[in-house]
Amino acid sequence: MKTVFELSKPGRKAYQFPECHLLAYEFDSKYLSENELELPEVDEVSLVRHYTELSNHAYGVDNGFYPLGSCTMKYNPKINEITAALPGFTNLHPLQKKRDIQGSLELMYRLQEALKQITGMGAMSLQPAAGAHGEYTGLKIIKKYHTDRGDLSRTKIIVPDSAHGTNPASSTLCGLQLVNIPSLEDGSVDLDALSAACGADTAGLMLTNPNTLGKFDKNITKISQIVHDAGGLLYYDGANMNAIMGVARPGDMGFDVVHLNLHKTFATPHGGGGPGAGPVGVCEKLASYLPSPHVTKDRSGTYSLSTPENTIGSVKAFYGNFNVLVKAYTYILVLGREGLRNASEMAVLNANYLKHLLKKYDYDKDSRCMHEFVLSMEKVHKETGVSALDIAKSMIDYGIHPPTMYFPNIVHEALMFEPTETETKETLEEVAAIIIEIIDRAYTNPEEVKNSPKAAYITRPDEVKAAREPKLKA
Amino acid sequence: MKFAKTHEWVKIENNVATVGITDYAQNEMGDIVYVDMPEVGRVVAIDEEVLELESVKAVAPVNSPVAGTVIEVNEELDKAPEMVNSDAYNAWLFKVEVTEESGELMSEEEYQNYLKTL
């Protein structure tokens, strides 16, 4: 299909301004652009058709099953959009006087308080704009905490090899040296390897719990003790928080710093529908290190913005992605304490049911999982030549979004499913039947699976060529 | 040619070790799209991570089976990383002037037997 620029014809327009009653203002020419802006000129109906066609080629959770593991592509309730569109929230300016935006500051304060309760942390910043941004912010806090104490030797961050890829990336960006430790077969932390890696140079450990194999690490209090005894801090990657909301709290497990992904766990749009929000929570002793500005409430009930004493500074302009915060707060209010717990319980139940239906191909056949699980297509691949990638691609022809592939790295030919809490029993059964049908076809007609998808708008992009010869400019 | 458990091959001639990854390793990785070369002059220890290979599936570290100084990297792979896939035993990655060799390297036969256990 054509781009909106290719549809452009001079003079066509899809807007009509009211008559202007103001006097023309003469700008100093130094402020004016020398070149005409290259904007597409398109009539209204062409414009509507263009974007409608684009939306038909896209796929989202409103279209169907979207089990992207460790990404929590959960359904975003429409009420979130209604509250976030309220003019009182949308017509704000970040430089408005604080006394005129008390309601919005109150919303942020209340969201901070709710997230503190959910995570068990002492203080919360809403400023980071995404999960990895939250990781970076949290690591900055850990780094500054050590250097402010004059402990300059703590330069290493320990990350298990089952971790999310963003963990090593954030550590490196933050100037910390990465120490990778191997995980056990179920993705949990190898305590011996952890003890051996911990020392006077340990800044902290980054951990996801439940881990990327969807297992809750039962040794968490021992892990916490080993790291704390060595003088390090514990960082909680909140990407898998959807498994434990209202059931367990990172703060109670001994974590010192936590990030949450509001666009995963708290039902704000995700993946092209963003932007995201990655609030960071810290324990009491780190509260003074949070980013600035921070929303506070004084005794008279007035909300203001303050600069925490030892702040790492600002990590984003103004207050973070405010409209995302409105959606997340709406989600929390609508569900309430019981509802949040129920959402996590349903997410875990759904994952276990789908895991059970597909147990023949399960990486970890015997035990239960949390909110996600991993299949291994290693046997299928060896016997048929059909890979996890081919099976994922084939799912597109059935109107299902593929799961996460080839992650975690410790599982060969991995397919990682996270169905989330909102899918019905019937959907899960239908999906399991489709996956089994695709795997059966891998044995009877492998070429067909390898050449899928056939029905999609874009079939098989050349991923190798795209990576080797990226074309970044039109 | 000797082999490491982490699937590197090494050939030592005149005190210079040439290092690459095995055919098994390239097959596991899938299409290699980028080689993140180390700097020439870098001093490396045995089993230290020297570079990263990036494929469409994953990023994997390559360790040095010897200690010493990196004296050359295979710059051809910058433009043609697919050579690691098509000819793993000729597409060397880096050369090290050796000060010490790992005591745990395997012969080809031992490596083939080791692969059967995986």
Side-chain angles (χ1 to χ4, degrees), chain A residues 156 159-169 171-172 177-182 185 193 196-197 212 374 376-379 381-382 385-393 402-416 450 460-472, chain B residues 4-8 21-39 42-64 74-88 91 93 104 114-118:
Chain A
K156 291 186 176 164
V159 179
D161 62 2
S162 62
H164 292 122
T166 46
N167 292 179
S171 314
T172 306
Q177 252 180 300
L178 185 74
V179 180
N180 231 315
I181 57 167
E185 215 162 283
T212 53
V374 179
S376 172
M377 294 298 127
E378 194 175 14
K379 186 165 176 281
H381 186 221
K382 273 193 183 143
V386 171
S387 65
L389 173 83
D390 299 325
I391 291 166
K393 293 281 185 193
T404 297
M405 308 179 295
Y406 299 104
F407 183 82
N409 298 340
I410 52 179
V411 179
H412 290 282
E413 296 293 324
L415 288 179
M416 181 191 216
K450 283 185 190 174
R460 277 243 187 169
D462 188 340
E463 291 173 27
V464 177
K465 193 172 179 208
R468 281 181 186 157
E469 300 162 39
K471 196 174 156 190
L472 304 174
Chain B
K5 271 197 167 167
T6 43
H7 309 290
E8 292 87 7
I21 65 164
T22 67
D23 194 52
Y24 171 85
Q26 71 78 16
N27 196 36
E28 284 289 296
M29 285 281 298
D31 292 301
I32 308 257
V33 294
Y34 184 67
V35 185
D36 189 11
M37 286 297 186
E39 273 178 40
R42 184 173 143 190
V43 178
V44 294
I46 291 170
D47 291 339
E48 183 180 323
E49 182 182 324
V50 174
L51 61 86
E52 278 180 341
L53 290 176
E54 193 177 322
S55 79
V56 282
K57 282 200 269 186
V59 174
V62 176
N63 302 333
S64 179
N74 189 351
E75 278 164 13
E76 271 183 70
L77 298 181
D78 240 9
K79 287 207 175 67
E82 62 272 18
M83 283 164 63
V84 179
N85 293 113
S86 57
D87 196 357
L93 297 167
E104 292 176 11
Y114 167 67
L115 289 182
K116 284 176 198 157
T117 67
L118 298 179

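All values below were derived from every heavy atom in this structure, side-chain atoms included, with hydrogens, water molecules and symmetry-related copies excluded. In what follows, chains carry the letters A, B, and so on, assigned in the order in which the sequence lines appear, proteins first and then strands, with residues in each chain numbered from 1.
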Asker: Taking side chain as everything from C-beta outward and backbone as N, CA, C, O, which of these in B/Asp78 sits under 4.5 Å from a heavy atom of chain A? Side chain, backbone, both or neither.
Answerer: neither
Asker: In residues 42-51 of chain B, which residues are in contact with chain A at a heavy-atom separation under 4.5 Å?
Answerer: none
Asker: Check salt bridge (charged side-chain N to carboxylate O under 4.0 Å, His left out) between A/Lys382 and all other residues, then give those that pass, not counting sequence neighbours.
Answerer: A/Glu378
Asker: When the side chains of residues 54-61 of chain B are checked against the rest of the protein, which donor-acceptor pairs come out under 3.5 Å, sequence neighbours left out?
Answerer:
from	atom 1	to	atom 2	distance (Å)
B/Ser55	OG	B/Met29	O	2.7
B/Ser55	OG	B/Lys57	N	3.0
B/Ser55	OG	B/Ala58	N	3.1
B/Ser55	OG	B/Ala58	O	3.3
B/Lys57	NZ	B/Glu28	O	3.2

Asker: Looking at A/Glu469, A/His412, A/Met405, which has the largest count of heavy-atom pairs under 4.5 Å with chain B?
Answerer: A/His412
Asker: NZ of B/Lys5: more than 12 outside heavy atoms within 6.0 angstrom?
Answerer: no
Asker: Is the side chain of A/Arg468 donor-acceptor paired with the backbone N or O of B/Lys79 at a distance under 3.5 Å, no angle test?
Answerer: no
Asker: Taking atom CD as the centre, does B/Glu104 end up with more than 12 heavy-atom neighbours from other residues, nucleotides or ligands that are less than 6.0 angstrom away?
Answerer: no
Asker: What residues form a salt bridge (charged side-chain N to carboxylate O under 4.0 Å, His left out) with A/Lys465, not counting sequence neighbours?
Answerer: none
Asker: Would you mind checking which part of A/Glu413 comes under 4.5 Å of any heavy atom in chain B, side chain (CB onward), backbone (N, CA, C, O), both or neither?
Answerer: side chain
